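Remember, predicted model here, so these are calculated numbers, not experimental data.
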Amino acid sequence: MKTLTLKETFFLITISIFSFAVNMLWIGTNRFNQPLNIDEAGYLSISLSDYHQLLANGIYGWLSTVDGPSIQAPLTTAVTSLFYLVFGTNAYTGFIVISCFAVWVIIGTYLLGKAHGGVRLGVISSLLVASCPMFFRYETDYIFAIPAAAMTTMALLSLVKCNSFTNMRYAVFFGLFAGAMLLARTMTIAFVPFLFLGAFASIVVHPGNLKRQFGLLLLAAILALMIAATWFIPNGMLVFHYLSSYGYGHNATGYANEHFSKSIVSVIGKYFILFQPKAWLDHLNHLSKLLYFPDVIIIISGGLLLLVSILISTGKNGIRNTSLLVVKSKLCLLYTSDAADERS
């Protein structure tokens, strides 16, 4: 990775400090000594158990507890248990951990934007993420959404930087962060096929030394599996039952926002969305409530510009060549992933 300029470094330090300070100020004002929600209380209890095992039985006891039977991914609670050594055993320490991961997401987004389209795109992308109301909402809860987003962002950054798996260092990073993503939140298992499909596509459209490229992709996959297996092997059946019921199964609808669920059904239901203007408006209305109007306008404008450019390219170059250009531009790697489930 190229060295950051002084201006870039100043920008990243400034936005990181500002984001962290705003989070801590809001939490200190609105959440300190206030009741936790049921998820937060459960996760913090796990982190305290990890911490006390560390004190009582050392690193071996800590590892045994972190790896113990659970349906909750271990990364966030394990990191929190280590933060207790410095900041003390209180809920505020958990919020500090989430805020640190949030800063990681912002910096990773800048680097991802820069790698894809230069410094300007990096700045715009990081500012959009840092100012997104939904991102701020999850920054101020002790849940696994932000840590999972951090690992996913770093996996995507590594995927772009490995240059179609010609760079061994970033190929290794890709595998490490893909595995860590699974340890950050079990539901991110749904992201894995698309992540590695993007990796495969990057090799197909930029073939070189295919033996080396596919070898590095295999290495990345093995590393991801090895990291995830440290926790998923002893807990695999528990996680499977959870994901097949409350995660992505029939019980998952109990956690969805009712209006959002209805709008999604109307979009992908019996008729194609282009013939349902009301479905578009309903979905846009709900999206504006989640992200607020300025962010929605920027996202929609970018999507429309992308659509127009694809249509123009299709008219000039044909569908096949345009599809190849889209893949080569790494747009297939920059998919949008929802890092958190809605609790209504």
Side-chain angles (χ1 to χ4, degrees), residues 13-58 61-62 65-66 68-108 126 129-151 153 183-188 242 246 254-257 289-292 295 338-344:
I13 291 175
T14 301
I15 194 174
S16 298
I17 293 175
F18 182 79
S19 175
F20 187 87
V22 168
N23 288 346
M24 290 297 98
L25 179 62
W26 192 92
I27 291 168
T29 304
N30 297 279
R31 299 223 54 191
F32 195 62
N33 289 330
Q34 296 296 314
L36 303 169
N37 66 46
I38 190 170
D39 288 338
E40 291 176 320
Y43 300 152
L44 286 168
S45 296
I46 295 171
S47 68
L48 287 169
S49 177
D50 294 345
Y51 169 73
H52 288 297
Q53 277 294 325
L54 177 62
L55 294 184
N57 299 305
W62 180 77
T65 304
V66 169
S70 177
I71 61 171
Q72 308 300 344
L75 179 65
T76 306
T77 50
V79 172
T80 304
S81 70
L82 299 178
F83 270 60
Y84 287 144
L85 296 171
V86 178
F87 298 101
T89 53
N90 56 74
Y92 205 64
T93 300
F95 295 126
I96 291 174
V97 171
I98 299 301
S99 294
C100 289
F101 275 114
V103 168
W104 196 348
V105 172
I106 293 169
I107 294 175
S126 58
V129 169
S131 62
C132 177
M134 283 300 290
F135 185 73
F136 178 75
R137 170 186 168 179
Y138 286 115
E139 284 179 286
T140 53
D141 288 338
Y142 185 77
I143 55 177
F144 298 163
I146 297 297
M151 297 304 103
T153 302
L183 297 183
R185 192 166 188 231
T186 54
M187 290 183 69
T188 58
Y242 168 71
Y246 288 97
Y255 296 100
N257 180 285
K289 291 178 180 178
L290 290 178
L291 301 180
Y292 295 133
D295 285 15
D338 181 7
D341 58 325
E342 274 296 297
R343 295 290 194 258
S344 58

Minimum heavy-atom separation for [X] to [Y], with atom names?
X      : Y      : value
Tyr51  : Ser81  : CD1-O, 3.4 Å
Asn37  : Asp39  : OD1-N, 3.0 Å
Ser99  : Ile27  : OG-CD1, 4.4 Å
Phe135 : Val105 : CE1-CG1, 3.8 Å
Phe87  : Ile96  : CD2-CD1, 4.0 Å
Thr140 : Glu40  : O-OE2, 4.4 Å

task = Could you label the plane-to-plane angle of the Phe95 and Tyr92 rings as parallel, tilted or perpendicular, counting under 30° as parallel and over 60° as perpendicular?
result = perpendicular
ask   = For the residue pair Phe144 and Tyr142, does the interplanar ring angle fall in the parallel (under 30°), tilted (30 to 60°) or perpendicular (over 60°) class?
value = perpendicular
Within-4.5 Å side-chain heavy-atom neighbours: [X] and [Y]:
X      : Y      : result
Gln72  : Ile46  : yes
Ile71  : Thr186 : no
Asp141 : Arg31  : yes
Leu55  : Leu85  : yes
Arg185 : Leu75  : no
Thr188 : Met151 : no
Ile107 : Ser126 : no

If the condition is side-chain hydrogen bond (donor to acceptor under 3.5 Å, both in side chains), which residues does [X] pass it with, not counting sequence neighbours?
X      : value
Thr153 : none
Ser47  : Tyr84
Gln53  : Asn57
Thr76  : none

note = Across all chains, not counting sequence neighbours, the ring pair (Phe, Tyr, Trp, His ring centres under 6.0 Å) partners of Phe136 are Trp26
task = Answer yes or no: is there a donor N or O on one side and an acceptor on the other, between the side chain of Thr65 and the main chain of Gly61, under 3.5 Å?
result = yes
ask   = Does the Thr93 side chain pair with the main chain of Gly88, one donor and one acceptor, at a distance under 3.5 Å?
value = yes
inquiry  = Test of understanding: with side-chain contact (heavy atoms from CB on, under 4.5 Å), list the residues that count as partners of Ile17, not counting sequence neighbours.
reply    = Ile13
Atom pair CG (Asn23) and CZ (Phe18), whose distance is rounded to the nearest 0.5 Å = 10.0 Å
query = What's the verdict on side-chain contact (heavy atoms from CB on, under 4.5 Å) for Leu82 and Leu54, showing C-alpha distance, side-chain angles and the deciding distance?
reply = CA-CA 9 Å; Leu82 299 178; Leu54 177 62; 3.9 Å; yes
